Amino acid sequence: MNIKKEIDVRLSEKLAKLTNLSDAPALVNPTSNPKFGDYQANGVMSAAKHLKTNPQKLAEELIATVDLSDLVEKVEVAGPGFINITLKKDFLQDRIAENLHDERLGVPLAPQPERIVIDYSSPNLAKEMHVGHLRSTIIGDALVRLLDFLGHNIIRQNHVGDWGTQFGMLVAYLDKLQKDLPPEQTDSKNPNASRNSLFIEDLEEYYRQAKQLFDTDENFANLARECVVKLQSDKADVLKRWKLFRDISWEHCKKVYEKLGTLLTEQDIRGESAYNDDLPEVIKALEEKGLLTESQGAKCIFLDEFKDKDGNALPVIVQKSDGGYLYATTDLAAIRYRVQELKADRILYVTDSRQSLHFQQVFAVARKAGFVPEGVRLEHIAFGMMLGPDGKPFKTREGGTVKLMDLLDEAEHRAYNLVSEKSPHLPEDEKRKIAHVVGIGAVKYADLSQNRTSDYVFSFDKMLSLEGNTAPYMQYAYARIRSIFRKNKSDKNNEQITDRITIEHPAERTLVLKLLQFAEAVESATSDYFPHLLCNYLYDLAGAFTTFYESCPVLKSSEPIRSSRLQLCQLTARTIRTGLGLLGIETVEQM
RNA sequence: GCGCCCGUAGCUCAGCAGGAUAGAGCGGCGGUUUCCUAAACCGCAGGUCAGAGGUUCGAAUCCUCUCGGGCGUACCA
């Protein structure tokens, strides 16, 4: 049960009736200060302002009309028209007892499940994954888990870059290599001979060299462009190489995803190449709608809502003057597929904020062209850049791109050193397991715990710190609780844990209330796609637990308090594990 | 030039459908351990919420302008 929502709905309904305002939200939130109770409603004041009446009087009227007796111990009007609400102890105890046997820990399912397509990760298959793919992958994966938990039907889409100039370049470069080699070496050195002889590292290097050639050698650039054309016309030998590149690259991605623990699989891939045949169709459809204009040889859609410096409409180019298609064209084709074939109710794009103009334009064109029905939502879940400690874009010391695999390896390595230092007694394989969970968790949590819209400063030291709002802190909080149960099990006078939770101590009450607010945290993190709100909640929960644990002896208490407190420990552990799980972060039993 | 985002403690960040005394963590200083994991906890110091106007009973939050930073802005993705 979402307590906040429950109170809000009841108050808002009555407030609307009382004021005859169509929109009179009660604006219920947890109180800013515990002395005001558990929840406060702030909406009366603005409603009173609209009606030009006395807010305190209106607040008094409202609480006289609304029935909250099943939840509430005390409701009072305070200050200029706040309504302060204190929940009943019985209510808290009853609700928390329900969560004891609830897999979902009180989080309600979405009343209307939707089919939600989430486009995320989307690496370029011509080269290794690098830090630029990290945020999309982490944030996208967390949103998948969160929305799925609410009962939505999630369709992951990995819109990989597996087509176009970049692949033309690679194929052309391989051709060139082959020609340059002496004939007798062709079989052993020719990467095309066997896939085993070509690795992602080679591919990375080829891409670099091919790119350089492409930029400097006009002849080569033309060859590369020809290869793109050949790709599009299904020339068998060219296609064979393309598949080879793609397969090698995917093997590499798979390893990264595996290490990262993302949900993406081969089934989720639907890359740019998948839309190749649709691109002329998209142009045709736009043409038929009368949206296309030819300008400087390119086919464009001019949209009035986007203006250039002189106030002229800005174009969205969908076909180049040389006949080639662009990013926007592919995205339009993808939208059609997602609407028509996947039957999406909502399509989310998890990409960096630099692409926000692009998506605004693509969304606008898709609407105008009738590719997207009225009720279908298109949303760009934008995020900021990853910065290095110097506040500049995150690069290696030499100024190169940081490979994602290297970064993850280092996180694990650092976590391993930490574990070895703090818990040398643990067996080696255990230490490795913990290092993996903590290292990867740290990278993910550091990203997710920050408001995604802003840039964030990447720091191994900070994310692996045991202090503050970090993964290791949360994982440690979990492990500490689990240790209580190991201890309890090994106790001689191990007693049966009963089901009742009773609130005796203020710290218990605070913890219970916090536990009950898990539903609110999940809801808030999901509604606007802000996973950091769930992180904030978990951190607060850990704090509430610590206070409880410091002031309320658990194993040393006598029944029935002992059972009650053990249950609180159990629920806290489950809530932390579930919450981290929704973010794609694992826990360990000891660390 | 135009557009979008941002500027909160020394540092990294919360808070922003307007609400009560602006919160954390790190760093600094000072404490706590015969006690269920000290990888912990508690306390103190630290702020003209970039600046100036405006709207309001009330502004970090909304509006306008200024300064500072980032990103984007016709054939890359």
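A note on names: the letters A, B, ... follow the listed sequences, proteins ahead of strands, and every chain is numbered from 1. Note that this is a predicted model, so its numbers are computed, not measured.
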* Of A:Asn33 and A:Ser465, whose nearest nucleotide on RNA chain B comes first from the 5' end? -> A:Asn33

* Remember a base hit wins even if backbone is also touched, and classify A:Cys535 as base, sugar-phosphate or nothing at under 4.0 Å, heavy atoms. => nothing

* Near A:Gln212 CD, under 6.0 Å, is it more than 12 heavy atoms from other residues, nucleotides or ligands? -> no

* Looking across every strand, which nucleic acid part, if any, lies under 4.0 Å from A:Lys49 by heavy atom: base, sugar-phosphate, or nothing? -> base

* Structure fact -> Atom NZ of A:Lys35 and atom P of B:rU21 are separated, to the nearest Å, by 8 Å

* How close or far is atom P of B:rU73 from atom CD of A:Gln361, stated in whole angstroms? -> 9 Å

* Asked: Base, sugar-phosphate, or nothing: which does A:Gln166 touch, judged by heavy atoms less than 4.0 Å apart?
  -> nothing

* **Pairwise P distance, B:rC57 and B:rG51 [rounded to whole Å]** => 25 Å

* Asked: Once you round it to whole Å, what is the distance between P of B:rU61 and CG of A:Asn29?
  -> 18 Å

* Checking all strands, does A:Leu27 fall into the base, sugar-phosphate, or nothing category for heavy-atom contacts under 4.0 angstrom? -> base

* To do: May I ask you to decide whether A:Asp162 forms a salt bridge with A:Arg246, counting only side-chain N to carboxylate O separations under 4.0 Å?
  => no

* Does A:Lys5 NZ have over 12 foreign heavy atoms under 6.0 Å away? -> no

* Give one of base, sugar-phosphate or nothing for A:Ser32, where a contact means two heavy atoms less than 4.0 Å apart. => base

* Checking all strands, does A:Cys300 fall into the base, sugar-phosphate, or nothing category for heavy-atom contacts under 4.0 angstrom? -> base

* Is it true that the NZ or CZ of A:Arg577 lies under 6.0 Å from the centre of A:Tyr478's six-membered ring and within 45 degrees of the ring axis? -> no

* To do: Classify the nucleic acid contact of A:Ala382 as base, sugar-phosphate or nothing, counting any heavy atom under 4.0 Å across all strands shown.
  => nothing

* Nearest-nucleotide 5' precedence on RNA chain B, A:Ile83 against A:Val28 -> A:Val28

* **Matching residue for A:Ser563 among A:Gln567, A:Arg565, A:Glu559 - test: side-chain hydrogen bond (donor to acceptor under 3.5 Å, both in side chains)** => A:Glu559

* To do: For A:Asn84, answer base if it contacts any base atom (sugar-phosphate contacts may also be present), sugar-phosphate if it contacts only those atoms, and nothing otherwise; contact means non-hydrogen atoms under 4.0 Å.
  => base

* Please work out if A:Ser295 contacts a base, only the sugar-phosphate, or nothing of the nucleic acid, heavy-atom cut-off 4.0 Å. => base

* Going by atom types only, do A:His380 and A:Thr351 share a side-chain donor-acceptor pair under 3.5 Å? -> yes

* Is the charged tip of A:Arg270 near the ring of A:Tyr275: under 6.0 Å from the six-membered ring centre and within 45° of its axis? -> yes

* Asked: Between A:Tyr327 and A:Gln355, does any side-chain donor sit less than 3.5 Å from a side-chain acceptor?
  -> yes

* Determine if A:Phe306 stacks with B:rG3; use a centre-to-centre distance below 5.5 Å and an interplanar angle below 30° as the criteria. => no

* Please state whether the phosphate of B:rG70, meaning OP1 or OP2, lies under 4.0 angstrom from any side-chain nitrogen or oxygen of A:Lys392. => no

* To do: May I ask you to say what A:Glu272 touches in the nucleic acid, namely base, sugar-phosphate or nothing, with a heavy-atom cut-off under 4.0 Å?
  => sugar-phosphate

* Hey, does the side-chain of A:Thr165 have a donor or acceptor N/O within less than 3.5 Å of a partner on the base of B:rA77? -> no

* Asked: Would one find more than 12 heavy atoms of other residues, nucleotides or ligands at under 6.0 Å from atom NE2 of A:His413?
  -> no

* Give RNA chain B the dot-bracket treatment, 5' to 3': Watson-Crick (N1-N3 with N6-O4 or O6-N4) or G-U (N1-O2, O6-N3) under 3.5 Å, [ ] crossing, | other strand. => (((((((..((((.....[...)))).(((((.......))))).....(((((..]....))))))))))))....

* To do: Figure out the CZ/P separation between A:Arg480 and B:rC36, and round it to whole Å.
  => 11 Å

* Pairs in or reaching into residues 463-474 of chain A: which pass side-chain hydrogen bond (donor to acceptor under 3.5 Å, both in side chains), with residues at least two apart or in two chains? -> A:Tyr445-A:Asn469

* With centres under 5.5 Å and planes under 30° as the test, does A:Tyr549 stack with B:rC36? -> yes

* Give A:Glu421 one of three labels, base, sugar-phosphate or nothing, depending on what nucleic acid heavy atoms sit under 4.0 Å from its own. => nothing

* Asked: Just checking, is any N or O donor in the side chain of A:Glu412 or A:His436 under 3.5 Å from an acceptor N or O on the other one?
  -> yes

* Asked: On a plain distance test, is the side chain of A:Ser423 in donor-acceptor contact with the base of B:rA39 below 3.5 Å?
  -> yes

* Structure fact -> Here the distance between atom C1' of B:rG58 and atom CE of A:Met45, to the nearest Å, is 9 Å

* Structure fact -> A:Leu357 atom CG is separated from B:rG70 atom P, nearest whole Å, by 20 Å

* Find the distance A:Leu314:CG to B:rC4:P and express it as a whole number of Å. => 13 Å

* With sugar-phosphate meaning primed atoms plus P, OP1 and OP2, does A:Leu326 contact a base, only sugar-phosphate, or nothing at under 4.0 Å between heavy atoms? -> sugar-phosphate

* Write down the distance between CZ (A:Phe530) and C1' (B:rA17), rounded to a whole number of angstrom. => 13 Å

* Is there aromatic stacking of A:Tyr473 against B:rA39, centre distance under 5.5 Å, plane angle under 30°? -> no

* **Protein proximity profile, nucleotides 6-16 of chain B - base contact B, sugar-phosphate-only contact S, no contact -, cut-off 4.0 Å on heavy atoms** => -----SSSSS-

